[in-house]
Amino acid sequence: FIKEAFVPKPKSNEVNNGRYYRLLKLCADVTEHYTNLRSIGARDVQGETGSLLLVDCRSAAERAVSIIPGSVPVSQITDADLSQPRMVVAYCCIGARASAWCNQQTNQGMWGFKLRYLIGGIAAWVHQ
């Protein structure tokens, strides 16, 4: 049984905003050496999930706890999936594994122009 991403609402917007910005700072720290990659924010992705290929770079145990609806585990992604004429957005917890996967795909020279990693990962997604 897989649940959609869920986090209880914080007590105030101020607390929520503070946590969100600390999360984005942490993501920037863990992805800073991938200067050739493009990121995308959760606000830009939400509502567009039907036109994107969402790639979940987390473990099966993490996916059992939370998931972005419509996403596909990275282990099931094929070249045929990546050759589709749509943007590919990878995510993990905060962005480290997703950016590493995007970097690997980009270094293979095929899909870098259409790959993005979700900055802040699923944690940013639930804060939107």
Practice prompt. List the steps, then state whether side-chain contact (heavy atoms from CB on, under 4.5 Å) holds for R97 with Y91.
Written response: CA-CA 8 Å; R97 287 174 284 178; Y91 75 93; over 6 Å; no
Worksheet item: Q76 and D81: side-chain contact (heavy atoms from CB on, under 4.5 Å), yes or no, with the steps?
Response: CA-CA 9 Å; Q76 295 178 11; D81 294 322; 6.0 Å; no
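A donor-acceptor contact shorter than 3.5 Å is absent between the side chain of N107 and the backbone of Q104.
Between the CG atom of L53 and the CD atom of Q84 there is a distance of 8.0 Å, given to the nearest 0.5 Å.
The shortest non-hydrogen separation linking Q105 to L82 is OE1-CD1, 3.6 Å.
By the 4.5 Å heavy-atom criterion applied to side chains, M87 and L115 are not counted as neighbours. The side-chain heavy atoms of L37 and Y117, taken from C-beta on, include a pair separated by under 4.5 Å. Residues L118 and V45 meet the side-chain proximity criterion, which asks for heavy atoms closer than 4.5 Å. Put simply, the side chain of K114 does not reach to within 4.5 Å of the side chain of R38, judged on heavy atoms. In this structure the side chain of D56 reaches within 4.5 angstrom of the side chain of I67, judged on heavy atoms.
S71 and R63 share no side-chain donor-acceptor pair at under 3.5 Å. No side-chain donor-acceptor contact under 3.5 Å links N103 and T106.
The only option from C93, C57, C92 that meets the side-chain contact (heavy atoms from CB on, under 4.5 Å) definition with E62 turns out to be C93. Checked against L54 for a side-chain contact (heavy atoms from CB on, under 4.5 Å), the options I68, V72, V88 give a single hit: I68.
Residues passing the salt bridge (Lys or Arg N to Asp or Glu O under 4.0 Å) test with R116, sequence neighbours excluded: none.
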